[in-house]
There are 2 protein chains.
Amino acid sequence: MPDPLFAPTENAAEPDLESQLSQARAIARKAGKTLTPVREYFYKRLLCEGPLGAYELLAGLDGVASAKPPTAYRTLEFLQELGLIRKLQSVSKYIATPLSAVSSPMAFVVCRQCGLTEKLECDPAQTSVFDRARKSGFDQLDATIEISGRCGRDDCPGDRLRTGRST
Amino acid sequence: MPDPLFAPTENAAEPDLESQLSQARAIARKAGKTLTPVREYFYKRLLCEGPLGAYELLAGLDGVASAKPPTAYRTLEFLQELGLIRKLQSVSKYIATPLSAVSSPMAFVVCRQCGLTEKLECDPAQTSVFDRARKSGFDQLDATIEISGRCGRDDCPGDRLRTGRST
DNA sequence: TGTATATCGTTATAACGTAACTTTTTTGAT
DNA sequence: ATCAAAAAAGTTACGTTATAACGATATACA
Ligand SMILES: [Zn+2]
Ligand SMILES: [Zn+2]
Ligand SMILES: [Zn+2]
Ligand SMILES: [Zn+2]
């Protein structure tokens, strides 16, 4: 039984922001939709700042927009439907999808201490959970694969013991 | 690169409730803890009724206990720490772990229409996401693997079209 | 008996998410 | 240009999920 193959994303040079944005606009246009200013703002922040919560994104709209929850959740739903972002269910945060993976499953590794998140692309043809699900009669499958753990970095707040930074 | 192997759980005769309970008590005892009445009540309901939310569980305590959120979340945390239950992050519900899997990763397939949930045991030694996470320096790994989809059953509310039950 | 630890009670509030309805903007045909 | 339809955004009001913080009891066991 063959299985998921995971490959790290964006480990080398991170793609240019403007290029990502214009590709995202193209994806939206292809779906008959448009990237309005708020949508673009959310997407940009998720591209640049990593996992953020709905209210964190909203807070950045001070004045720019009405800054109320439905705006945030509508925007996030829109971006999710295009595959441009995903929700990290285990931490209720949202994260930008690498453009190479907008239409394939992904996995995430999340540090439970500091939130550091690693993105992994996942080969759908080799992911046996999917096979199992289909064998059980399920279709329209959508994966949530999140590994939480402790990143081993020296500056991870959970690692105080290792670095000797007092109690 | 080898990968996860998923096997369905409890497809044959479901184990006896009393036997599950006494095994659970033994697991608690081994950890220097005890299954108090509320803990046992939550565990029983999750064994018998499938995925339930914290407030659903709480509601069943009418009179029996103080029935306030911290009681529920403390109880759920306790049972999770023993591995007796898990949280379905994608639906914010809790589900009993088969005793054969208290200390190994699991995957779940959840119908987004009717909530039908299938449990899958997962061989940790063959789960490549774990390998990837470790290679990145993560440890103390904990998996959230949830596939959401549409179960194909005739009585699934999302399947009205297939069964011709009006609009 | 006393001290530590485990467990439970209670109040209050934070964090996350949605329903339902209105208004504005955009689009595209006449 | 004008108007109708569709898309997007605004607004109010809630619902649901989860935690902080502190106090009271109970239990274990030296
Ligand atoms: Zn930026
Ligand atoms: Zn960390
Ligand atoms: Zn029962
Ligand atoms: Zn279903």
Side-chain angles (χ1 to χ4, degrees), chain A residues 24-25 27-43 46 51-82 84-95 110 112 115 144 146 148, chain B residues 24-25 27-43 46 51-82 84-95 110 112 115 144 146 148:
Chain A
R25 281 188 211 103
I27 288 171
R29 199 165 38 246
K30 222 177 295 181
K33 309 280 164 104
T34 55
L35 275 199
T36 61
V38 175
R39 290 167 177 175
E40 192 166 310
Y41 171 78
F42 273 34
Y43 182 53
L46 293 173
L52 293 172
Y55 284 71
E56 287 178 285
L57 287 160
L58 207 46
L61 289 179
D62 277 337
V64 178
S66 58
K68 269 149 195 164
T71 296
Y73 287 100
R74 276 199 288 241
T75 304
L76 291 168
E77 186 187 20
F78 174 88
L79 294 171
Q80 279 180 283
E81 278 164 0
L82 290 185
L84 293 173
I85 67 170
R86 320 230 171 183
K87 181 176 180 185
L88 293 174
Q89 300 282 1
S90 56
V91 291
S92 293
K93 294 195 182 304
Y94 302 82
I95 189 169
V110 183
R112 65 169 65 89
T144 294
E146 298 170 20
S148 76
Chain B
R25 281 187 211 103
I27 287 171
R29 199 165 37 245
K30 223 176 293 181
K33 310 278 164 104
T34 55
L35 276 198
T36 61
V38 175
R39 290 167 178 177
E40 191 165 312
Y41 171 77
F42 273 33
Y43 182 52
L46 292 174
L52 292 172
Y55 284 73
E56 287 177 284
L57 288 159
L58 207 46
L61 288 178
D62 279 336
V64 179
S66 56
K68 269 149 195 163
T71 296
Y73 288 100
R74 278 199 286 242
T75 304
L76 291 167
E77 186 187 19
F78 174 88
L79 294 170
Q80 280 179 282
E81 278 165 0
L82 290 184
L84 293 173
I85 67 170
R86 318 228 171 184
K87 182 177 180 184
L88 293 174
Q89 301 282 2
S90 56
V91 291
S92 292
K93 293 197 182 304
Y94 302 82
I95 189 169
V110 183
R112 64 169 65 89
T144 295
E146 299 170 19
S148 77

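Residue numbering restarts at 1 for every chain, and letters A, B, ... go by the order of the sequence lines. Nothing here was measured: the structure is a model prediction, and the numbers come from that model.
- Of the candidates dA8(D), dA18(D), dG17(C), dA18(D) carries the atom nearest the A54(B) side chain, counting heavy atoms from C-beta on.
- Nearest to the side chain of R39(B), among dT10(C), dG17(C), dC8(C), sits dC8(C).
- Between the CZ atom of F42(B) and the C1' atom of dT7(C) there is a distance of 14 Å, rounded to whole Å.
- F78(A) comes within contact range of no nucleotide atom at all, as no heavy-atom separation falls under 4.0 Å.
- You'll find that the side chain of Y73(B) is closest to dT17(D), out of dT17(D), dT18(C), dT7(C).
- The listed nucleotides are dT17(D), dT7(C), dG17(C); the one nearest the side chain of S92(A) is dG17(C).
- Atoms OH (Y55(B)) and P (dC16(C)) sit 14 Å apart, rounded to a whole Å.
- For R74(A), taking side-chain heavy atoms from C-beta onward, the closest of the listed nucleotides dA18(D), dA20(C), dA21(D) is dA20(C).
- Atom C1' of nucleotide dT26(C) and atom CG of L35(A) are separated by 16 Å, given to the nearest angstrom.
- A salt bridge does not link E81(A) to K33(A): none of the charged side-chain nitrogens sits closer than 4.0 Å to a carboxylate oxygen.
- The shortest distance between the side-chain N/O atoms of Y41(A) and the OP1/OP2 oxygens of dA9(D) is not below 4.0 Å.
- If you check dT7(C), dT18(C), dA9(D) against the side chain of T34(B), the one that comes closest is dT7(C).
- At a cut-off of 3.5 Å, with distance as the only test, a side-chain donor of S148(B) or R112(B) sits close to an acceptor on the other residue.
- Counting to the nearest Å, the P atom of dA7(D) and the CD atom of E77(A) are 14 Å from each other.
- Proximity note for K87(B) (side chain, C-beta onward) versus dT11(D), dA18(D), dA8(D): the nearest is dA18(D).
- Under a 3.5 Å cut-off, the side chain of Y55(A) and the backbone N or O of A72(A) do not form any donor-acceptor pair.
- For the pair G32(B) and P70(B), both in contact range of DNA chain C, the more 5′-proximal nearest nucleotide belongs to G32(B).
- Between E40(B) atom CD and dT7(C) atom P there is a gap of 14 Å when expressed in whole angstrom units.
- Here the side chain of T71(B) is nearest to one of dT11(D), dC16(C), dG9(C), namely dG9(C).
- Atom pair L76(A):CG and dC16(C):P shows a separation of 12 Å (rounding to whole Å applied).
- Note: NZ (K33(B)) to P (dT27(D)) measures 17 Å, nearest angstrom.
- To the nearest angstrom, C1' of dA8(D) lies 13 Å from CD of E81(A).
- Here the closest heavy-atom approach between residue L46(A) and residue Y94(A) is recorded as CD2-O, 3.3 Å.
- No hydrogens or angles considered: nothing links the side chains of S90(A) and Q89(B) as a donor-acceptor pair under 3.5 Å.
- Of all nucleotides listed (dA9(D), dA18(D), dC16(C)), dA18(D) comes nearest to the side chain of P69(B).
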